[in-house]
Number of protein chains: 2
Amino acid sequence: MSGLVVDSRETNSGIPAMLRRSGVEFVTEELAAGDYRIGNILIERKTGVDLFQSIYDGRLFPQAELLCQHAERPFLLLEGDIRAANTNMVEDALPGAVSALSIFWGVQVLWMPDSASTASLLRCMVRHSTEGLGYEVPLRVKKPKLSAAPDGALPQFLVEGLPGVGAETARALLRHFGSAKAVFAAAPEDLRKCAGVGPKTASAIDAALRHQPTAFRSTRAAPDR
Amino acid sequence: MSGLVVDSRETNSGIPAMLRRSGVEFVTEELAAGDYRIGNILIERKTGVDLFQSIYDGRLFPQAELLCQHAERPFLLLEGDIRAANTNMVEDALPGAVSALSIFWGVQVLWMPDSASTASLLRCMVRHSTEGLGYEVPLRVKKPKLSAAPDGALPQFLVEGLPGVGAETARALLRHFGSAKAVFAAAPEDLRKCAGVGPKTASAIDAALRHQPTAFRSTRAAPDR
DNA sequence: TCTAACGCCTCTTGA
DNA sequence: TCAAGAGGCGTTAGA
Ligand SMILES: [Mg+2]
Ligand SMILES: [Mg+2]
């Protein structure tokens with residue numbers, strides 16, 4: 001996917017320089033909307049002062065509008081101590097603005113404490129959207145290791161993966177059927193014979209085991225669009 | 001449209017109380033995913049500590065997956081000085097997580113400085129999504145397009161419980177055998193036909209599935225001695 | 001999340 | 001066809 005484009009007016013924020021220093025490649029252009037573009041992502045960066053100024057003179061929503069016209073995934077990236085910048089507006093101005101931006105325009109509103117963090121975030125977003133994460137994310141983490149785990153740890157862990165099955169039920173199932181393999185092979189009627197498994201859990205288990213997945217979320221490579 | 005539903009476990013955050021005080025109506029339920037639901041919007045709220053804890057024990061992405069399964073518009077609402085909560089993790093973990101959630105899961109990430117602002121934000125979101133802004137805005141909603149949540153998460157989760165099997169191998173096994181049930185029923189020789197499974201992994205898997213545990217570590221009752 | 005270390009798998013080589 | 005070795009990839013652990 002396409003790389004990073006930085007709006008020429010962002011130069012004096014110091015962020016482009018930080019990006020360059022950390023080896024991020026980008027081109028500088030005058031963007032019609034937003035400050036940073038990464039593929040279909042378009043980011044408007046604002047300090048607290050910028051933000052309240054925009055709210056004050058009614059430019060915030062038109063700007064969001066513009067952002068939406070130029071990209072599918074609009075972001076507002078707030079930077080620094082936002083609340084301190086609100087000198088003469090009601091407290092609810094911030095939540096109100098964020099709510100409207102997110103609900104009506106689909107704008108994501110992020111916050112970073114300073115411009116160095118903003119640069120890190122941009123660096124990450126560029127990497128993720130051009131190269132992906134580099135691996136598929138594991139859904140199950142902290143497995144009991146085979147050696148030096150108590151006798152029933154691994155089978156219990158396996159069986160606990162079933163929907164509606166926690167530690168108690170997992171043990172009950174294992175006692176009843178003997179092994180994880182047997183549990184996984186059991187018919188729903190037989191599962192129900194085990195304490196803690198009712199009709200709902202039994203059919204959820206059966207469905208989970210039989211389900212033939214067709215698609216997995218991929219994080220290894222850059223997302224398509 | 002529909003009103004606000006609050007997860008019962010959010011009660012002690014103080015936010016439901018604030019909402020009630022400011023006259024927002026809501027019902028309390030145990031939500032399967034997320035903390036607040038407004039129509040097709042589902043919001044998971046996290047403080048900095050929550051966030052890093054979730055990253056640390058690998059629950060963040062599975063949670064995001066769940067969020068995506070339960071709503072068309074998944075939100076992550078970060079609260080407070082997030083970065084300050086990162087005590088012992090690589091600095092890039094925060095931007096990395098935010099970027100990944102947004103890019104790969106299509107989660108809309110928002111930020112509010114504190115829980116009072118969160119309450120205001122929720123109040124605004126309820127109002128905005130049920131009544132509109134209340135005044136005329138140049139409205140051009142462009143929905144961020146979310147790819148439909150893939151259906152492989154649960155089977156992958158189950159199969160990943162096997163020793164030596166991570167995200168990659170779990171998917172390979174599921175593609176090869178079709179369902180978790182089939183994977184768990186497979187003979188070691190057949191497991192080996194699958195990329196990523198050699199003799200060691202195959203027999204470790206077989207052993208884990210066949211093993212008949214005799215003892216479980218019990219924490220329910222006081223230890224015997 | 002990222003980073004680093006480790007272990008396993010696969011493929012190639014060579015006989 | 002088999003055995004051995006190098007290299008790459010995937011899994012794990014730790015922060
Ligand atoms: Mg700007
Ligand atoms: Mg929460």
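Chain letters run A, B, ... following the sequence lines, proteins first and then strands; every chain starts at 1. Every value quoted in this text rests on a predicted model; they were computed, and no experiment measured them.
In this structure, B:Ser179 and A:Arg210 approach most closely via the heavy-atom pair CB-O, 3.5 Å.
For the pair B:Leu101 CG and C:dC2 P, the computed distance is 11 Å after rounding to whole Å. Across the protein-nucleic acid pair, B:Asn86 atom CG and D:dA15 atom P stand 14 Å apart, rounded to whole Å. As a whole-Å value, the separation of B:Phe52 CZ from C:dC2 C1' is 12 Å. Atom CZ of B:Arg192 is separated from atom C1' of C:dC11 by 14 Å (rounded to the nearest Å). Per the geometry, CD1 belonging to B:Ile55 stands 18 Å off P belonging to D:dG14, to the nearest Å. The NZ-C1' distance, from B:Lys200 to C:dG7, rounds to 8 Å in whole Å. The distance between atom CD of A:Glu136 and atom C1' of D:dG10, rounded to the nearest whole Å, is 11 Å. Between B:Gln156 atom CD and D:dT11 atom C1' there is a gap of 13 Å when expressed in whole angstrom units.
Among the nucleotides D:dA15, D:dG10, C:dC9, the one closest to the side chain of B:Asn88 is D:dA15. Among the nucleotides C:dC8, C:dC2, D:dA15, the one closest to the side chain of B:Thr201 is C:dC8.
Across all strands, B:Leu94 comes closer than 4.0 Å to no nucleic acid atom at all (heavy-atom distances). At a threshold of 4.0 angstrom between heavy atoms, the contacts of B:Pro199 are confined to the sugar-phosphate backbone, with no base atom among them. Counting any heavy atom pair closer than 4.0 Å across all strands shown, B:Thr169 reaches sugar-phosphate atoms only and no base atom. Nucleic acid contact class of A:Lys143 (heavy atoms, under 4.0 Å, all strands): sugar-phosphate only. At a threshold of 4.0 angstrom between heavy atoms, the contacts of A:Val137 are confined to the sugar-phosphate backbone, with no base atom among them. In this structure, B:Ala97 reaches the sugar-phosphate backbone alone: every heavy-atom distance under 4.0 Å involves primed, P, OP1 or OP2 atoms, never a base. Among the protein residues, A:Val141 comes within range of no part of the nucleic acid, since none of its heavy atoms lies under 4.0 Å from any strand.
Within the 4.0 Å cut-off from OP1 or OP2 of D:dA15, not a single side-chain nitrogen or oxygen of B:Thr87 is found. For the OP1/OP2 pair of D:dC9 and a distance below 4.0 Å, the side-chain nitrogens and oxygens of A:Tyr135 include no atom meeting the criterion. For D:dG10, one of the phosphate oxygens OP1 or OP2 lies less than 4.0 angstrom from a side-chain nitrogen or oxygen of A:Arg220.
Ion pairing between a basic and an acidic side chain is recognised when a charged N comes within 4.0 Å of a carboxylate O; A:Asp114 and B:Arg83 show such pairing. Ionic pairing of A:Arg220 and B:Glu168 is present here: one or more N-O contacts between side-chain nitrogen and carboxylate oxygen are shorter than 4.0 angstrom.
Ranked by how close their nearest DNA chain D nucleotide is to the 5' end, B:Asp57 and A:Pro138 are led by A:Pro138. Of the two residues near DNA chain D, B:Glu168 and B:Val90, the one whose nearest nucleotide lies more 5' is B:Glu168.
By the 6.0 Å and 45° rule, A:Arg175 does not stack over the aromatic ring of B:Phe216.
Side chains of B:Ser203 and B:Asp206: a donor-acceptor N/O pair is absent below 3.5 angstrom, by distance only.
The environment of NZ in A:Lys142 is crowded: more than 12 heavy-atom neighbours from other residues, nucleotides or ligands sit within 6.0 Å.
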